[in-house]
There are 2 protein chains.
Amino acid sequence: MPTAHSASRSVIAETIAIGSELLVGGRSDSNSLFITEALGRLGIEVRFKSIVGDDLADMVQVLKTAVSRAGVVIMTGGLGPTVDDCTREAVVKATGRRLARRKAAFEGMAARLAQWGRTPNKGQLRQAMIPAGATVLANPVGSAPGFAIEWKGATIVALPGVPCEMEAMMADSVIPLLAEQLARVMKVRPQPVIRQVFHTWGLPEADVDAKLHGLIPKNTAIDLGLLASPMGVLVSLTTKSGGARPVSDEVLSSLAQAVRVRLSDCLFAEGRETMEEVVGRLLAAQRLTVAVAESCTGGLIGHRLTQVPGSSAYVDRGAITYSNQSKSEMLGVPEALIAKHGAVSAEVAAAMAKGIRERAGVSVGLSVTGIAGPGGATATKPVGLVYIGLNGGSGAAITKEFRFHGDRSIIKQRSSQAALNLLRLWLIDRNRR
Amino acid sequence: MPTAHSASRSVIAETIAIGSELLVGGRSDSNSLFITEALGRLGIEVRFKSIVGDDLADMVQVLKTAVSRAGVVIMTGGLGPTVDDCTREAVVKATGRRLARRKAAFEGMAARLAQWGRTPNKGQLRQAMIPAGATVLANPVGSAPGFAIEWKGATIVALPGVPCEMEAMMADSVIPLLAEQLARVMKVRPQPVIRQVFHTWGLPEADVDAKLHGLIPKNTAIDLGLLASPMGVLVSLTTKSGGARPVSDEVLSSLAQAVRVRLSDCLFAEGRETMEEVVGRLLAAQRLTVAVAESCTGGLIGHRLTQVPGSSAYVDRGAITYSNQSKSEMLGVPEALIAKHGAVSAEVAAAMAKGIRERAGVSVGLSVTGIAGPGGATATKPVGLVYIGLNGGSGAAITKEFRFHGDRSIIKQRSSQAALNLLRLWLIDRNRR
């Protein structure tokens, strides 16, 4: 085990999420994704992630393992005021230091509590106990201070598990500290780990994979990643850290451009942008308004469109028409049309889109009708059969048929994505004319 | 390091999720939660979780660490047909075995591919290579077989990362194999790890904590967990494994009953049941129908109600009334009422609930109007101000005011939860009368 900062280890990181709830419970460890991105910008690559419960011996074991393989170890959680919170104890047990009440830690915490009109209780006093030799990291949001300590050539950082506290402390303290340290031990500033993300819809993973075949030249330090979900296939280009085989900006951007060309017919967004944000951006740019008529999605499309701040500028209304009667009453779909073709049909989808557009007086009406399952299938109409309708005022409605697989929730998600994508394509096409 | 199965190590497990996308991407490792629960029923406790990229050396390192501390190691991912998939190679490198084409693995895979009208390609042939001495685990869903191998007193299991394949193989192969093994090495069948979950709404975490103060007697092998989210505070009782200090069923059920009593005014569900399932169950039992009128939630309440299979029996329709005009046109809310009190007011919430109930002809109308932010606040009406209305036909509408904190998405979530909870309480109260 190296006993001083070695350049190569300085760019390898491990996150340790602490908490028995993380082992057994339903919460995902979203903190580690934030840390991965923040460290990546410095050129430090998170290569290992560990999750361990509130067990002192287990935590010591995990911490020792982390220090043996990573130069930067970021622990989150276990800094609270209760006896379960034993990150402080684990660090002193692993490193052989002792805990000491630290003025900076105590004063910061007392000041924070005073703002809330409280004085530190016994548990909170424990939070001011920091391993000897550690740097106290102020918590600008909550009461628990964090700390950073050097041990066996690694930097161990302990932060609270509350996301907003962790994020603030990463930005205020940890990133500057690690940047300064890297500048000290590395002759050349390590290349940032850059991740470019492309969101596709409409092709299975194998087809997206085939389109990208041979894209990355051999021995290029870039990982091509594919990740399928009900919302489509995510494609990522991630540079590797360490600066061993650095990738120039030109190489990366020409690869990104090649991805765009190869995926042009299924790429709907890049980076953090969502389908509903893309649609919202296009609607706002063209000063158009939209109204939705949803049957099997039950409100999901309206919910997604209104997740975007400022969406009230272009979302007028929606009708969740679950019963046949509501399709007639709210949208003016003729009862005879439903009787003839069935509620799940291209004809009814078209009538729903027309009805909501006319009643709302908006630029475009978007509709969905389908069988989300598990019940409701007939001999000719299986679970997953979905019709999307779009009426933009001129000419007949556009309708599209889909046959989705998956459970009720997945079919709803895919239906909403298909509907928003149809609207996206219509908006792009309309803008071109 | 023990070289034979020791009883205590046999009930300690570690999960290893493999895939660079899991390190950098947005997907949470939901597989490990499934595995934790399945192993817990056998009395095997997942004490460590690791995530590592598709890097052979890193995988070997993580696997060796896991075997040093856990008697059961479940790896997921890295069994696919591409060169990135190197779980097989990592296991042989760590254990010093070699890979061999195995008839059982090849035939299972070929049969699966034949069903899809395909023959194995070069990459898929790699999937039939299994470490010597390992037991092949059939994949009843996909093409990649898994395997289980004994090494240094631990059982290493390798499964695909695709959730439905992993879940089927856990049930079909892994659980029976581990149960048989436990029966062999343990004199007494280990106590299952039991986790009882209680969902609360309406109280901050600190208040829930205070209500449960002193609940668990000292030296009782039960963990009390609290987990706050925008949807409320989750409380869990989890027994510890190993049988060292076994908890009797009576103790656990009396503690669960004590939790119910102490949390009676905020407990809305237990176990896997969601708020929308509880509401749906109550509506169905009373043969009532519901319609929703949503402003700031934008369809989220309709979406949640219709997530429940069979919800078409009681969900009639919904109106997403984002614009003021739509509130008047779709719900009959008088324009003068909006002009006088503002769209975000108790009066408008009441009129919305009444309007949707009457127009839909349902038993109960539920409405939400509020300011989800970040824009839209006024001097007297801050972001997070939300009114819920409920009209059950007899008497005036019930309205409730809330002042939520958080971003747009959190305010929408909390608003939907508050609305559904109001409906839940009304349904319970109605049933008592």
Side-chain angles (χ1 to χ4, degrees), chain A residues 20-21 23-30 33 36 46-53 55 58 61-62 65 69 195 223 225 227 229 234 236 238 292 294 297-303 305-307 309-310 312 315-323 326 329-330 359-360 373-376 408-409 412, chain B residues 20-21 23-30 33 36 46-53 55 58 61-62 65 69 195 223 225 227 229 234 236 238 292 294 297-303 305-307 309-310 312 315-323 326 329-330 359-360 373-376 408-409 412:
Chain A
S20 298
E21 275 302 318
L23 283 180
V24 296
R27 178 130 78 172
S28 70
D29 170 28
S30 56
L33 297 177
T36 301
V46 173
R47 292 247 298 265
F48 306 92
K49 297 189 177 186
S50 297
I51 302 172
V52 64
D55 179 287
D58 287 356
Q61 210 279 329
V62 167
T65 299
R69 62 195 179 190
R195 184 162 189 260
D223 277 330
L227 191 62
S229 85
L234 179 153
S236 63
T238 310
V292 294
E294 306 187 50
T297 46
L300 176 56
I301 300 175
H303 167 52
L305 283 169
T306 60
Q307 285 289 87
S312 55
V315 176
D316 179 76
R317 73 185 68 180
I320 304 170
T321 54
Y322 230 53
S323 64
S326 66
E329 290 175 7
M330 296 181 90
R359 293 191 175 207
R408 183 179 181 86
S409 174
K412 286 179 69 179
Chain B
S20 297
E21 275 302 318
L23 283 179
V24 297
R27 178 130 79 173
S28 69
D29 171 28
S30 56
L33 297 177
T36 301
V46 173
R47 291 248 297 266
F48 306 92
K49 297 189 177 187
S50 297
I51 301 171
V52 64
D55 180 287
D58 286 357
Q61 209 278 329
V62 167
T65 300
R69 61 196 179 191
R195 184 163 189 259
D223 277 330
L227 190 64
S229 84
L234 180 154
S236 63
T238 310
V292 295
E294 307 187 49
T297 46
L300 176 56
I301 300 174
H303 167 52
L305 283 169
T306 60
Q307 286 289 86
S312 55
V315 176
D316 179 77
R317 73 185 69 180
I320 305 170
T321 53
Y322 230 53
S323 64
S326 66
E329 290 175 7
M330 296 181 89
R359 293 191 175 206
R408 182 178 182 87
S409 174
K412 285 179 70 178

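Numbered from 1 within each chain, the chains take letters A, B, ... in sequence-line order. The structure presented is a predicted model; accordingly, all values stated were derived computationally and were not measured.
Of the atoms belonging to A:Ile301, not a single heavy atom falls under 4.5 Å from chain B. Only the side chain of A:Glu329 comes within less than 4.5 Å of a heavy atom in chain B; its backbone stays farther off. Of the atoms belonging to A:Thr36, it is side-chain heavy atoms, and not backbone ones, that fall under 4.5 Å from chain B. Contact annotation for A:Thr65: only side-chain heavy atoms (C-beta onward) come within less than 4.5 Å of a heavy atom of chain B.
Between B:Lys412 and A:His303, the closest side-chain pair of non-hydrogen atoms falls below 4.5 Å.
Side chain to side chain, A:Arg408 and B:Gln307 fail the donor-acceptor criterion of an N or O pair below 3.5 Å. Between the side chains of B:Ser20 and A:Asp223, not a single donor N or O lies within less than 3.5 Å of an accepting N or O.
Of the candidates B:Ile51, B:Leu23, B:Val52, B:Val52 is the only one forming a side-chain contact (heavy atoms from CB on, under 4.5 Å) with A:Phe48.
With respect to chain B, the highest number of heavy-atom pairs below 4.5 Å among A:Val292, A:Thr306, A:Val315 belongs to A:Thr306. Ranked by heavy-atom pairs shorter than 4.5 Å toward chain A, the options B:Leu305, B:Asp55, B:Val62 are led by B:Val62. For the set B:Ser236, B:Gly225, B:Pro309, the count of heavy-atom pairs under 4.5 angstrom toward chain A peaks at B:Pro309. With chain B as partner, the option from A:Ala360, A:Gly375, A:Ser312, A:Gly373 having the largest number of non-hydrogen pairs under 4.5 angstrom is A:Ser312.
Shortest non-hydrogen contact noted between A:Met330 and B:Gly318 is CE-O, 3.4 Å. Of all the heavy atoms in A:Ile320 and B:Gly302, the pair that sits closest is CD1-CA, 4.0 Å. The two residues A:Ser326 and B:Asp316 make their nearest non-hydrogen contact at OG-O, 3.7 Å.
Between A:Arg195 and B:Glu21 there is a salt bridge, since at least one side-chain N of the basic residue sits less than 4.0 Å from a carboxylate O of the acidic one.
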